[in-house]
**Student:** 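Quick one: the structure is below, and I'll ask about it shortly.
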Amino acid sequence: MPDPIVQIEGLTFRYRRATEPAIRDINLSIQAGEVVLVAGPSGCGKSTLIRAINGLIPHAYPGEFLGTVRVAGQLTTDLRLRDISRSIGTMLQDPAKQIVGATVEAELAFGPENLGVERAVIRRRIGEVADRALLRPLLGRETSALSGGERQLLAMGGILMLEPRLYVVDEPLANLDPATAGRLLAILRTLADEGHAILIVEHRVEEALDLRPDRVLYLDEGITRYLGDVPGFLRIADPKAVKLPFEVVLERFRADPGLARASAPHTSGAIDPIPAAESTPRLAYEGVRAGYGDREILHGVDARLGRREVVAVLGPNGSGKTTLFRAAMHLMPTTAGRILVDGAPIADRTVAELAATFGYVFQSPSQMLFARNVREELVFGPRNLGRDPANFEAIIAAALRRTSLDELDDILDRPPLTLSFGQQKRLALAIALALEPPTLILDEPSAGQDHRTARSFMAEVLAIPDLESIYLVTHDVDLALTHASRILLFMDGQVVADGPPALVVEDVDRWIACNLRPTSLMRANARWRRPEVGFLDAETLAAHVLMNVRSGTPEGEGGSAVGAG
């Protein structure tokens with residue numbers, strides 16, 4: 001057998017300011033042509049492992065380093081980052097931290113230029129990568145005008161330009177619509193078939209399994225809990241911590257009845273809805289057009305979002321979902337139409353005034369973080385809105401608890417940008433909650449979060465007494481269907497469907513045309529849930545199925561076509 005591309009032996013690493021190691025005694029080898037999936041709950045050490053492989057540990061992150069990491073047979077401690085990058089290409093969780101070029105072409109050329117590749121070769125590679133990474137429609141665009149998903153694809157294109165032996169991709173599906181995610185996985189599978197190695201870190205295990213990984217490394221609390229083939233992983237993975245295909249969840253519940261008994265009741269619909277037609281909407285769009293420069297993104301949008309609703313906005317990357325809410329917050333100009341909040345036009349309202357109504361969480365959390373420590377981040381908004389300082393401590397405590405950040409040691413004193421991506425995402429949510437707004441706008445709230453944390457967060461948010469409405473942009477179809485009272489489908493800058501989830505998903509052709517796909521949970525809900533019940537999450541539905549079996553109700557009773565209600 002040839003030498004592995006990466007060989008890790010006895011790796012333990014503790015960050016300089018940490019009291020405990022982030023990873024302990026990790027052993028892993030990665031061969032050419034191999035696909036390794038790394039899974040596990042948030043904070044389990046996945047990002048630390050990646051940093052050790054690409055050399056950022058120990059070269060950029062000081063701390064206590066034990067064991068060895070070899071790339072192409074050489075110790076990373078003896079190599080420069082420049083040398084390691086010739087073998088290891090890394091796509092970060094947050095593409096905003098990775099993209100430095102002003103235009104798409106400049107970004108693609110950046111890596112090879114820094115390695116001294118000839119201009120003619122770079123030009124040839126740009127054409128090849130543009131086709132391979134689905135970037136051809138983005139050529140000529142400014143990177144600042146790209147959507148989060150488009151930036152994710154561009155970050156992947158930048159790594160393809162370097163032609164590394166090992167592709168390390170960290171949460172590559174988080175900002176991608178399901179169809180585009182599937183195409184990205186197909187690119188990675190082709191690279192593996194061509195002899196490159198792939199290491200993919202992903203919470204969305206159900207989709208990642210389409211990559212047909214050879215092995216799965218399952219981490220928890222920095223320790224290897226499992227390293228082996230996919231069937232073995234599916235037998236031991238915690239279905240509450242890792243998002244698994246519904247069939248696997250059901251089988252696990254059948255094998256362990258205690259899992260079903262421990263499943264919490266479904267909490268969707270905690271916000272008592274008022275029909276949008278019977279009240280002044282919280283947010284209304286009337287013929288709204290908006291875009292970047294000469295490129296229009298919203299094409300005459302008309303929509304009403306109620307004061308007491310959970311509305312999920314779904315659709316392809318670049319279709320205008322984020323633009324819809326950025327325009328409502330005065331973060332980008334409109335060119336036609338008008339936007340109203342609680343019946344009044346926003347034209348004369350400032351961003352700060354709108355922030356008193358909308359707690360807006362950006363897709364990229366780093367765009368919201370600037371203070372020296374977490375405490376300063378959390379009090380900045382309430383202080384600038386003139387809130388009573390006597391209430392700050394209570395506001396901070398509640399925001400940390402609802403985002404599970406209170407579980408981190410010394411969280412208030414930690415610099416925000418030293419937190420992991422998932423922790424930064426939760427901090428961004430906490431900042432929004434600290435403003436105590438009546439409405440939350442969440443852009444990709446589950447990105448970087450494990451299954452348990454995402455479910456816990458949604459349950460906590462839905463239970464906030466004074467919260468009236470939630471509007472979320474997401475590519476997590478199951479999250480949208482199980483928590484939203486209403487779905488807006490976007491395509492090409494226009495609303496193409498608007499209604500209750502059960503009705504919107506009935507049109508499967510339209511669903512697929514919007515780059516969405518039926519999930520195993522959608523199919524399971526169609527088969528098993530009662531028509532009068534909303535979409536159930538995997539754990540609740542699995543417990544429901546088993547209770548029906550024990551009571552003698554035939555399996556499969558209740559549903560019809562995929563997504564039907």
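FYI, side chains are in, hydrogens and waters are out, and symmetry mates aren't considered; it's all heavy atoms of this structure.
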**Student:** Is the His196 ring parallel, tilted or perpendicular to the Tyr167 ring (thresholds 30°, 60°)?
**Tutor:**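 It falls in the perpendicular class, over 60°.
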
**Student:** For Arg86, is there an ion pair with Glu163 - N to carboxylate O distance below 4.0 angstrom?
**Tutor:**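 Arg86 and Glu163: not salt-bridged.
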
**Student:** Check whether any side-chain heavy atom of His451 lies under 4.5 Å from a side-chain heavy atom of Val242, and answer yes or no.
**Tutor:**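 The answer is no; the side chains never approach within 4.5 Å.
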
**Student:** Looking at Arg189 and Asp193, is any side-chain nitrogen of the basic one under 4.0 Å from a carboxylate oxygen of the acidic one?
**Tutor:**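 Salt bridge between Asp193 and Arg189, a charged N being under 4.0 Å from a carboxylate O: yes.
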
**Student:** Given side chains that start at C-beta, do those of Ile26 and Leu219 come closer than 4.5 Å, heavy atoms only?
**Tutor:**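 The answer is yes, as the side chains (C-beta and beyond) meet within the 4.5 Å cut-off.
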
**Student:** Which residues satisfy the salt bridge (Lys or Arg N to Asp or Glu O under 4.0 Å) test with Arg517, sequence neighbours excluded?
**Tutor:**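 Scan of Arg517 (salt bridge (Lys or Arg N to Asp or Glu O under 4.0 Å), adjacent residues dropped) gives Asp210.
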
**Student:** Using a strict cut-off of less than 4.0 Å between a Lys/Arg side-chain nitrogen and an Asp/Glu carboxylate oxygen, indicate whether Lys46 and Asp170 qualify as a salt bridge.
**Tutor:**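 Here Lys46 does not pair with Asp170 in a salt bridge, since their nearest N and O are not under 4.0 Å apart.
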
**Student:** Please answer whether the main-chain N or O of Leu92 pairs with a side-chain N or O of Gln98 as donor and acceptor at a distance below 3.5 Å.
**Tutor:**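 Here the side-chain-to-backbone pair exists.
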
**Student:** Is any NZ, NE, NH1 or NH2 atom of the basic residue among Arg401 and Glu460 found under 4.0 Å from an Asp or Glu carboxylate oxygen of the other?
**Tutor:**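 A salt bridge is present here (some side-chain N lies under 4.0 Å from a carboxylate O).
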
**Student:** Run the salt bridge (Lys or Arg N to Asp or Glu O under 4.0 Å) test against Glu9 and tell me which residues pass, sequence neighbours left out.
**Tutor:**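 Glu9 satisfies salt bridge (Lys or Arg N to Asp or Glu O under 4.0 Å) with no other residue.
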
**Student:** Between Asp214 and Val35 (side chain of the first, backbone of the second, donor and acceptor by atom type, cut-off under 3.5 Å), is there such a pair?
**Tutor:**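 Yes.
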
**Student:** Is the side chain of Thr143 donor-acceptor paired with the backbone N or O of Gly101 at a distance under 3.5 Å, no angle test?
**Tutor:**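 Indeed, once roles are kept as given, a pair shorter than 3.5 Å links the two residues.
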
**Student:** Do Thr482 and Asp537 have a side chain donor and acceptor closer than 3.5 Å?
**Tutor:**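 Checked: Thr482/Asp537 side chains show no N/O donor-acceptor pair below 3.5 Å.
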
**Student:** Can you tell whether the side chains of Arg252 and Asp238 come within less than 4.0 Å, N to carboxylate O?
**Tutor:**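 So Arg252 does not pair with Asp238 through a salt bridge.
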
**Student:** Of Asn515, Asn317, Asp177, which meets side-chain hydrogen bond (donor to acceptor under 3.5 Å, both in side chains) against His475?
**Tutor:**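 Output: one option passes, namely Asn317.
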
**Student:** Taking the six-membered ring of Phe535 (Phe, Tyr or Trp), confirm whether the NZ or CZ of Arg529 is under 6.0 Å from its centre and within 45° of its axis.
**Tutor:**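 Pair Arg529/Phe535 counts as cation-pi.
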
**Student:** Side chain to side chain contact (heavy atoms under 4.5 Å, CB included) for Asn525 and Leu536? Distances and angles first, verdict last.
**Tutor:** CA-CA 7 Å; Asn525 268 279; Leu536 302 178; 3.8 Å; yes

**Student:** For residues Leu209 and Leu234, determine if any side-chain heavy atom of one lies less than 4.5 Å from a side-chain heavy atom of the other.
**Tutor:**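 When only atoms from C-beta onward are counted, Leu234 and Leu209 do touch, with a gap below 4.5 Å.
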
**Student:** Testing the 3.5 Å rule here: is there a donor-acceptor pair between the side chains of Thr519 and Asp478?
**Tutor:**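 Present: a donor and an acceptor within the cut-off.
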
**Student:** With no hydrogens and no angle check, just 3.5 Å: does a side-chain donor-acceptor pair link Ser366 and Asp94?
**Tutor:**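 Distance-only check passes for Ser366 and Asp94.
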
**Student:** Would you call Glu128-Arg125 a salt bridge at under 4.0 Å N-O?
**Tutor:**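 Between Arg125 and Glu128 there is no salt bridge, as every charged N stays at least 4.0 Å from the carboxylate O atoms.
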
**Student:** Any carboxylate oxygen within less than 4.0 angstrom of a Lys/Arg side-chain nitrogen, looking at Glu64 and Arg24?
**Tutor:**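 No, this pair does not count.
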
**Student:** Is it true that a side-chain atom of Ser29 and a backbone atom of Gln7 form a donor plus acceptor pair closer than 3.5 Å?
**Tutor:**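 Between the backbone of Gln7 and the side chain of Ser29 there is no qualifying donor-acceptor contact (under 3.5 Å).
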
**Student:** Check whether Arg452 reaches the backbone of Pro41 with its side chain - one donor and one acceptor, N or O, closer than 3.5 Å.
**Tutor:**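 It does not hold such a pair.
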
**Student:** Parallel, tilted or perpendicular, judged at 30° and 60°: which one describes the rings of Tyr15 and Tyr61?
**Tutor:**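 Rings of Tyr15 and Tyr61: perpendicular, as their planes differ by over 60°.
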
**Student:** With a 3.5 Å cut-off and no angle check, do the side chains of Asn175 and Gln363 form a donor-acceptor pair?
**Tutor:**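 Yes, side-chain donor-acceptor contact under 3.5 Å.
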
**Student:** Please step through side chain to side chain contact (heavy atoms under 4.5 Å, CB included) for the pair Leu472 and Val310, ending with a clear verdict.
**Tutor:** CA-CA 8 Å; Leu472 59 132; Val310 180; 4.0 Å; yes

**Student:** With a 4.0 Å cut-off, would you call Glu20 and Arg14 a salt bridge?
**Tutor:**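 Salt bridge absent between Glu20 and Arg14.
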
**Student:** Tell me, yes or no, whether the heavy-atom count around Arg16 atom CZ, taken from other residues, nucleotides or ligands under 6.0 Å, exceeds 12.
**Tutor:**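 Atom CZ in Arg16 is not packed in, count stays at 12 or less.
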
**Student:** Taking atom CZ of Phe110 as the centre, report whether more than 12 heavy atoms of other residues, nucleotides or ligands fall under 6.0 Å from it.
**Tutor:**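 12 or below, so no.
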
